Structures are given as C-alpha cells and as structure tokens.
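Predicted, not measured: the structure shown is a model, and the values here were computed from it. In what follows, chains are A, B, ... by sequence order, proteins preceding strands, each numbered from 1.
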Number of protein chains: 2
Amino acid sequence: MGSVEKKMPRINERLATSGLRLTPQREHVYDVLLAERDHPTAEQVFLRAKKDMPDISMATVYNCLDALVTSGLVKQVNLDRGATRFCPNMHEHCHFYCESCGGVYDIGLTRARPEVPMPRGFKATHLELSIRGLCPDCAARKK
Amino acid sequence: MGSVEKKMPRINERLATSGLRLTPQREHVYDVLLAERDHPTAEQVFLRAKKDMPDISMATVYNCLDALVTSGLVKQVNLDRGATRFCPNMHEHCHFYCESCGGVYDIGLTRARPEVPMPRGFKATHLELSIRGLCPDCAARKK
DNA sequence: TTGAGATTTAGAATTATTCCAAGTATTGAC
DNA sequence: GTCAATACTTGGAATAATTCTAAATCTCAA
Ligand SMILES: [Mn+2]
Ligand SMILES: [Mn+2]
Ligand SMILES: [Zn+2]
Ligand SMILES: [Zn+2]
C-alpha cells in the first residue's frame with residue numbers, strides 16, 4: 001500500500017476526468033475507506049473520518065462518497081434494505097454477507113465470471129453476484 | 001393458471017405452516033402479485049389492491065407482503081436503493097434490471113447455477129445474481 | 001485581485017418502511 | 001352458542017437513510 005506515491009496521482013486524475021477537484025475532505029474519506037476493508041456505511045465512514053477531521057459533516061461525507069463513486073474509485077454495495085456500504089476495491093469481485101455477524105467480505109472472481117444464457121433481445125452490460133452465509137469465524141463458532 | 005383449484009390450498013397451507021391465517025387481504029394481495037409479472041413495489045401493490053378492495057390500507061399491504069414472504073410464497077427483490085419489489089415466482093431465477101425503462105424481468109437459471117470457489121472457511125447458503133442492461137424493447141429502440 | 005464556479009455545511013425535506021395502540025374478526029374451549 | 005384468547009387490520013406516529021436547499025467558503029484562472 002504505497003499510499004502517497006501511488007494513491008495521490010490516481011485519485012487526483014480520476015476525480016479530474018469527472019470534472020471534480022481533489023479536496024482534503026475527498027482525500028480523507030477515500031483514506032478512511034482504504035484503511036479498513038470492511039464495507040462501512042456512510043454513517044461509519046462519517047464517524048471514522050471525524051477522528052482526524054473533526055469538522056467534517058455528514059452531508060460532506062455523502063457528497064465525497066458520491067464523488068468517489070462517480071469517478072470510479074469506489075463501489076457502492078447494496079445489501080437488501082440496509083444502508084448502502086462502500087468498497088474501495090475496484091477489482092472484479094463479489095460480496096459475501098455473513099448472516100450471523102453482518103460482516104461483508106470480498107470474494108474474488110478469479111475467472112469464473114458466472115455465465116448466464118440471456119433470453120433473446122436482452123443486452124446485459126453488468127452483472128452482480130452476492131452470496132450469503134456464514135463467515136469463517138461465525139461458521140467455526142456455530143460448530 | 002388454474003387459480004381456484006390450485007392456488008387456494010397452496011396459499012392456505014403455506015400460511016398455516018407459518019402459523020398464519022388466510023385472510024381476504026392476504027389472498028387479494030397475493031392475487032395482485034400473480035396478476036402481473038412485473039415486480040411491483042409495495043406502493044404499486046397498494047394501488048392495484050385498492051381497485052378491488054378499496055378499504056385496504058398501506059399498513060396491511062406491508063403486513064400481507066411480509067406474511068407472504070415469511071411463508072415462502074413471495075420473494076423480495078432489492079435493487080440498489082429503490083423501494084423493495086415483490087415477486088411471486090418462486091422458481092430459481094435471477095433478475096434483470098433495465099437501465100433505460102426501469103423494468104425488472106425474471107431470467108430463468110436453467111441449470112447454470114453460477115459456480116464460485118469459496119475461500120476457506122466461508123459457508124455459503126444462498127447466492128443471488130442480478131443483471132443490468134437493456135430489455136429487448138429498449139435495446140431495439142436504442143438501435 | 002477578483003469573480004465564476006465548485007465545495008462544504010447545517011438543517012429541512014423526502015422516501016420507504018416500521019412501530020404502535022385501538023378496533024375488529026376468528027377460533028377453540030366450554 | 002358464548003366468551004375470552006389470539007390474530008388481524010388500520011390510521012397515524014416514528015424511524016432510518018438519504019437527498020435537497022441555501023448560504024458561507026474556497027479555488028483557480030484571467
Ligand atoms: Mn467489496
Ligand atoms: Mn422475479
Ligand atoms: Zn460472521
Ligand atoms: Zn427497458
């Protein structure tokens with residue numbers, strides 16, 4: 001995670017191509033996401049962001065998250081009815097939701113992109129897989 | 001769709017095994033869902049249900065939908081942030097969301113249940129695939 | 001230096017859903 | 001059949017997550 005050398009130009013450039021500026025708030029929100037790979041909600045991002053930037057507002061967190069999503073640096077993850085979660089991992093992957101602890105984990109899709117035969121006429125542009133069950137910790141505990 | 005002969009015992013029995021009663025409202029909400037295969041929201045179900053049962057309330061529609069889901073007669077479908085949609089098709093299938101018209105379509109998963117290699121320790125119990133793109137009508141129109 | 005446009009912010013508004021408490025209906029024991 | 005226990009429906013209040021709004025602040029380029 002060579003943050004300064006690699007992250008900065010990337011985030012700057014990505015925002016720029018969407019006509020957005022790199023602001024301290026946006027960078028900080030992105031850092032918060034990169035710091036922990038648990039798919040936090042906007043609320044959780046807000047709480048974490050405040051630690052180092054006490055004056056940041058909830059509205060700004062929503063704005064920043066939106067800017068990061070728009071510029072392709074962050075993915076939104078929606079799990080049934082709950083609050084939207086955010087994921088800075090832009091590699092192709094799907095999400096595993098633990099029904100016991102509520103945790104969300106990345107599952108790499110090596111090459112096995114699920115193949116689904118489309119009925120005539122449908123043009124698929126994007127497909128999303130989500131899995132639910134028990135994470136390793138919870139599975140072990142339930143034994 | 002031999003409704004009376006086949007639907008009634010099924011819905012009655014399914015509700016019963018969850019300790020729930022078959023009420024006129026529950027049956028009517030189920031009928032509304034069966035009448036059109038377009039994954040309506042609770043609001044839409046409410047509007048349609050009122051046509052033949054003008055005194056039904058929104059709260060009851062939510063309650064009925066919940067009862068039907070609990071007893072395994074109806075599936076909930078969540079598409080990103082939007083209102084939950086409801087689907088009376090209990091065969092294994094996934095959902096196609098048209099980014100142009102917003103329609104939701106059932107896509108049968110013949111046998112091709114997507115195979116995903118689980119990292120060590122994860123116990124998957126359920127997996128869900130959703131696809132977005134253009135439905136046949138919208139795809140043709142965009143040509 | 002300056003002003004147009006972008007960004008941040010607090011708080012109001014909105015949306016979808018759940019909760020609540022009261023009234024109504026159904027059921028089974030007698 | 002009567003009656004109480006239980007289930008169900010209902011309107012409205014409450015909640016949760018998100019979006020909107022309008023004013024203050026910041027940034028960049030001329
Ligand atoms: Mn992820
Ligand atoms: Mn469906
Ligand atoms: Zn877990
Ligand atoms: Zn369409």
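Under a cut-off of 6.0 angstrom, the local environment of NZ in Lys123(B) is sparse, with at most 12 non-hydrogen atoms contributed by other residues, nucleotides or ligands.
Within 4.0 Å (heavy atoms only), Gln25(B) reaches sugar-phosphate atoms of the nucleic acid but no base atom. Among the heavy atoms of the strands lying under 4.0 Å from Thr84(B) are primed sugar atoms or P, OP1, OP2 only; no base atom is included.
In the hydrophobic clustering of ILVMFWY residues, with side-chain heavy atoms under 4.5 Å counting as a link, Ile11(B) and Val45(B) come out together.
A donor-acceptor contact shorter than 3.5 Å is absent between the side chain of His91(B) and the backbone of Gly108(B). The closest donor-acceptor contact from the side chain of Arg132(B) to the backbone of Glu99(B) lies at 3.5 Å or more, if one exists at all. Side-chain N or O atoms of His28(A) include one that pairs as donor or acceptor with a backbone N or O of Ala49(A) at under 3.5 Å. Within the 3.5 Å criterion, the main-chain N or O of Pro24(B) finds no donor-acceptor partner in the side chain of Glu27(B). Between the His93(A) side chain and the Asp106(A) main chain, no donor and acceptor come within less than 3.5 Å of each other.
Between Asn12(B) atom CG and dT26(C) atom C1' there is a gap of 14 Å when expressed in whole angstrom units. In this structure, Glu43(B) places its CD atom 16 Å from P of dT14(C), rounding to the nearest Å. dT8(C) atom P lies 13 Å from atom NE2 of His28(A), rounded to whole Å. Here the P atom of nucleotide dA10(C) and the CD1 atom of Ile56(A) are 10 Å apart, to the nearest Å. As rounded to whole Å, 17 Å separates atom P of dT8(C) from atom NZ of Lys50(A). Atom P of nucleotide dT15(C) and atom CZ of Arg85(B) are separated by 16 Å, given to the nearest angstrom. Nucleotide dT8(C) holds its P atom 10 Å from the CG atom of Leu22(A), rounded to whole Å. Rounded to whole Å, the distance from CZ on Phe46(B) to C1' on dT17(C) is 14 Å.
If you find the closest nucleotide of DNA chain D to Asp55(B) and to Arg81(B), the one lying nearer the 5' end belongs to Asp55(B). Two residues, Ala83(B) and Arg26(A), neighbour DNA chain C, and the one matched to the more 5' nucleotide by heavy-atom proximity is Arg26(A).
Put simply, chain A comes within 4.0 Å of DNA chain D, heavy atom to any atom, from dA17(D) to dT27(D), going 5' to 3'.
The two residues Leu65(A) and Phe86(A) have their closest heavy-atom pair at CD1-CE1, 3.6 Å.
Between dT26(C) and Arg21(B), no contact under 4.0 Å exists linking OP1 or OP2 to a side-chain N or O. Between Thr23(B) and dA25(C), a side-chain N or O to OP1/OP2 separation shorter than 4.0 Å is absent.
Contacts of residues 58-77 of chain A with DNA chain C (heavy atom under 4.0 Å): Ala59(A), Thr60(A), Asn63(A).
Taking 4.5 Å as the limit, every side-chain heavy atom of Asp80(B) sits out of range of all side-chain heavy atoms of Gln76(A).
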